[in-house]
Every structure is written in C-alpha cells, then in structure tokens.
Q: 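Below you will find the structure I want to go over with you.
Given the structure is predicted, the values throughout are model-derived calculations rather than measurements. Chain naming here is simple, since letters A, B, ... match the order of the sequence lines and numbering starts at 1 in each.
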Number of protein chains: 2
Amino acid sequence: MAEVRRRRARGGVARTREALLQAAAEIFAERGYDGASVDEIAGTAGVSVGSIYSRFGSKRDLFRELMSEYMERDLARVRDGFAAGPEGGLRVLDDLLQETAASRRQTLLDAETWASAMRSPRLRSMLAEHENGVRSAAAELVQQERAATGHELGMPDDEFAVVLTALFHGLCRQHRLAPGSVPRGLYARTVLALARGLAEQPPGADRPGH
Amino acid sequence: MAEVRRRRARGGVARTREALLQAAAEIFAERGYDGASVDEIAGTAGVSVGSIYSRFGSKRDLFRELMSEYMERDLARVRDGFAAGPEGGLRVLDDLLQETAASRRQTLLDAETWASAMRSPRLRSMLAEHENGVRSAAAELVQQERAATGHELGMPDDEFAVVLTALFHGLCRQHRLAPGSVPRGLYARTVLALARGLAEQPPGADRPGH
DNA sequence: GTCTATAGCATGATAGAC
DNA sequence: GTCTATCATGCTATAGAC
C-alpha cells in the first residue's frame, strides 16, 4: 500500500487536510477507530502516512478533529432548522432523521463517536457539550411553542428534549438495522402524538376514568 | 502478560468456558472488539490464550458466542416481563431500562454489537432476528391491551413497537452520556403519554379544533 | 483440553531526504 | 510540509509438550 493515490486533490494548498478528513470519515466509519489503519486512511486520501502526523500529530488527534468538525456542522444545521419555528423545526428534524439514518457512514460514525466518548474523558466532554447544545435548542423551541399556544406540556422542557434526541438516535439505529421498519414521517407523527398525550393529562394523575 | 490469573475458576470441568465468556464481556466492552486482545481476555479469565482457540476457534467466534448468549437472556427477560400483562410489562421495561442504562458494560456491549452487526452479515442477521423477537413481543402486548380496552391506537402495532425499542435504546445512550438527564420513570411516562396522544387523534387528521 | 513458546504479520509512529 | 523507508511493538493464530 501507501502507493494508492485514489483521490489526490490537485493543486490545493491545504487541500491535503480536506482529503484526509474525508478519507478518515470513510475509513473510521467502515472499520471502526481501532480497525482503521493510518495507512489505509492516507492511501484513500491519496497522500502519504507522514502527512497525517505533520498535519494532525497522531491518529487520535485526526479522529478528534474529524469529530469536532462533524459536531459543529450538525449543531449548526439543527439550529438553522429550529429557527424556522416549531412546525418547520419538526419537519427539519424528520428530514434530518431520514438523511442521517439513510447514511451508513453517518450512523456508523455516530456510534463510533459515542463509543469512543465512553472510553476517553476528552471526547466524552466534547460529545456531552454537543448534545447539550442540541437539547438546549430543542428545549428553547418547546418553550416558544408553549408560550405561543398557551398549552402546558406536562413534562419539563429539558426532559422532553431528552426524549426528542433519544428517539432520534434510537430510530436511526433501528433504521440502519431494518430500513423498512422506520417509514418517513414516523418521527414527526410520534412527537406530535406525544405532545398531545402530555398536554391532555396532568403529570401527577395516572389514567383515571378511561 | 499471559500470567495474570486473576480469577481462575477452580475445579470446574467446563468452567473455563464460563470464565472466558465473562472476561470477554468485560474486555470487549471496555476496549471494543478490535481494541480487545485475546491475551488480555485470557489473562482476565485466568486461563491461557490457547484455551480460547480450543474452546471457541477464534476471537470472532468467541465474540459471536458471547453475543448469542447475551441476546438469548435479553429476549427471555423481555418475554417474561411482558407475560405479566400490559401494566407489568411497562414497569418491567422501565426497570430493564434503568438497569441496562446503569450498566456501563451492558451499554458498551450493546453499541459494540450493533457496530459489529453493521460490518458483518452474519452478526447482522443475528441481531436483526433478536430485535425482531423483542418487537414481536411488544407488538403482541399492544394488541392484547387494545383488545382489552377497546381503544384504537392510531398507529400500526409494529410501528408502535419500533418506537418503543428505539426510545429504549436512545434513552440508554443518553443516560450513559449524562446520567442525570434520564430520571427513573421517564420511559414509562413517555410511553403512556404517547399512547394517550395516539388514541386521542385519528391518524389522518392534523391538529383540528382547539 | 490446556499449557508455553513462537511464528508471521500488521500496526502506529518516526527519521531524514527533498 | 510532504515524501519513502524503517523501527519497535503488539497482534492473532498455531505447534507441540503434557
């Protein structure tokens, strides 16, 4: 190996960095962090192994940089989506779910990020902060919606946001395992039904009458 | 290494197998499949590397066997829980969530299983069959509940079952990342509210009236 | 069936030319 | 900054004694 040069980006000054990050995304996703070799990453990017060490310092630092950029893009997208208001935000989330769940690379990187975060304090705090940002955006949206309609939710905003993100990740996982089992729109339908069910009943009561 | 002998099970005839499986669960969880070495697994079990190959054939076969036993136990537990009826089943699921989410080893193995399944057709079909069994049990429970109360759900049973398992796995992930964000009972509360919200509204209509 | 010892190979990282 | 060549290490798997 080390002679692969599959997709060398010509003429770029700092194009090496871009090519390495893209190759890293592909190889880390497909093989996992430990299964991925710097040799294959460099080969896929069309550069030499040495580039990784001169640009990023180490394999782990390359992975961290990849995760960092990925989280930044993800959070920006969620925020932009939510800026469209409650209705728009929900549709954007459903689209994001379909797109994320449909992408093998994205879902595998998601899982790898979580697993790596569980084993490294630094990655863990990075991921925790990112998910905190996503939940904050969701909670803020819920709060706006409640102020606009006057409906109480019957659940704290942050708990509702936790459920939103948990359902998102869970459906991604499920969709990857058995694509047919998660039809488009299921996420939005579920969230709307959940909001109705929460509004209908005060938190303390347990199924009276029915 | 290879001289560790931390927890050699004395006197057992086929106790080697048990010790190896337990050690494998610990090491595979903590380091991931590729990060785990047969040497450390054998050392933790208190046996030699050769034992792994005489008992299981290869590292991958050891992992498969571990996953197989784990899935079997998991499915049995879910079925037993659901046998207690709808109310009991929901509480059992909430307990199972708290226990699973609280176990670092269990959640890491869950993630490792999913990731490995994404990369190996054989493991993938094993996991898909397992989750299919869990969803079937859940769908059957929903069907019984509907027959008993006469309430329509407003969503196909299998889709509802998908949401149930997705929420379960998503909350596990979330709980591991930020334990305080998933209080006990959140799962049960969410599922009950979701069922209410689904029952209230026919599938086709979108937020009429109020 | 379980041990010790080792083969055979792939890996992450570095050195030094350019 | 990027290359090629190489080092040192760690790995899975096997051989052969018991």
Q: Taking side chain as C-beta onward, heavy atoms only, is B:M67 less than 4.5 Å from B:L109?
A: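 Side chain of B:M67 against side chain of B:L109, heavy atoms only: contact under 4.5 Å found.
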
Q: Select one nucleotide: of C:dC3, C:dA13, C:dG12, the one nearest the side-chain heavy atoms of A:S58.
A: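 Nucleotide nearest to A:S58's side chain: C:dA13.
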
Q: Tell me whether the OP1 or OP2 atom of C:dG1 has a side-chain N or O from B:R55 closer than 4.0 Å.
A: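 Result: no.
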
Q: Round to a whole Å and report the spacing from CD1 of A:I27 to C1' of C:dG12.
A: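 Answer to the nearest Å: 16 Å.
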
Q: Does A:E159 come within less than 4.0 Å of B:R189, counting only side-chain N to carboxylate O?
A: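 Salt bridge: yes.
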
Q: Could you state the atom-to-atom distance from NZ of A:K59 to P of C:dT11 in whole Å?
A: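 Taking NZ of A:K59 and P of C:dT11, I get 9 Å after rounding.
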
Q: Starting from C1' on D:dT12, measure out to CZ on B:R60 and report it in whole angstrom.
A: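 About 13 Å, once rounded to whole Å.
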
Q: Just the rounded figure in Å: distance from P of C:dG12 to CG of A:D61.
A: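 One finds 14 Å between P of C:dG12 and CG of A:D61, rounded.
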
Q: Given D:dT12, C:dT2, C:dT11, which nucleotide is nearest the side-chain atoms of A:S37?
A: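 The answer is C:dT11.
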
Q: For the pair B:R105 and B:E30, find out whether any cationic side-chain nitrogen is under 4.0 Å from an anionic carboxylate oxygen.
A: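 B:E30 and B:R105: not salt-bridged.
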
Q: Taking 4.0 angstrom as the limit, do A:E131 and B:R173 come out as a salt bridge?
A: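 Counted as a salt bridge, because a side-chain N and a carboxylate O are separated by less than 4.0 Å.
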
Q: Checking contacts here: which listed nucleotide (D:dA13, C:dC3, D:dG1) is nearest the side-chain heavy atoms of A:S54?
A: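 Looking only at side-chain atoms, A:S54 lies closest to D:dG1.
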
Q: Can you tell me the distance, in whole Å, between the CD1 atom of B:I52 and the P atom of D:dT12?
A: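 Checked: the CD1 to P distance equals 9 Å.
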
Q: What's the closest nucleotide to the A:S51 side chain, out of C:dT2, D:dT12, D:dC3?
A: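 Nearest nucleotide to the side chain: D:dC3.
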
Q: If each of A:G57 and A:G35 is mapped to the nucleotide of DNA chain C with the nearest heavy atom, which maps nearer the 5' terminus, i.e. the 5' end?
A: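 Taking each residue's closest nucleotide, the earlier one in sequence belongs to A:G35.
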
Q: What integer distance in Å separates B:R31:CZ from C:dT11:P?
A: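 That distance rounds to 20 Å.
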
Q: A:Y53 side chain: which of C:dT14, C:dT2, D:dC3 is closest?
A: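 For A:Y53, the side-chain atoms sit closest to C:dT14.
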
Q: Could you state the atom-to-atom distance from CD1 of A:I41 to P of C:dA10 in whole Å?
A: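 Atom CD1 in A:I41 sits about 17 Å away from atom P in C:dA10.
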
Q: Rounded to the nearest angstrom, tell me the gap between atom CG in A:D39 and atom P in C:dC9.
A: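 A:D39 atom CG is separated from C:dC9 atom P by 17 Å.
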
Q: Can you confirm whether more than 12 heavy atoms, excluding those of A:E69, are under 6.0 Å from its CD atom?
A: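 For A:E69, atom CD is crowded (more than 12 foreign heavy atoms under 6.0 Å).
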
Q: Counting side-chain heavy atoms from C-beta on, which of C:dT11, C:dT4, D:dT2 comes nearest to B:S48?
A: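 My answer, after comparing the listed nucleotides, is C:dT4.
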
Q: Considering only D:dA13, D:dG1, C:dG12, which nucleotide approaches the side chain of A:V38 most closely?
A: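 When the side chain of A:V38 is considered, C:dG12 is the closest of D:dA13, D:dG1, C:dG12.
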
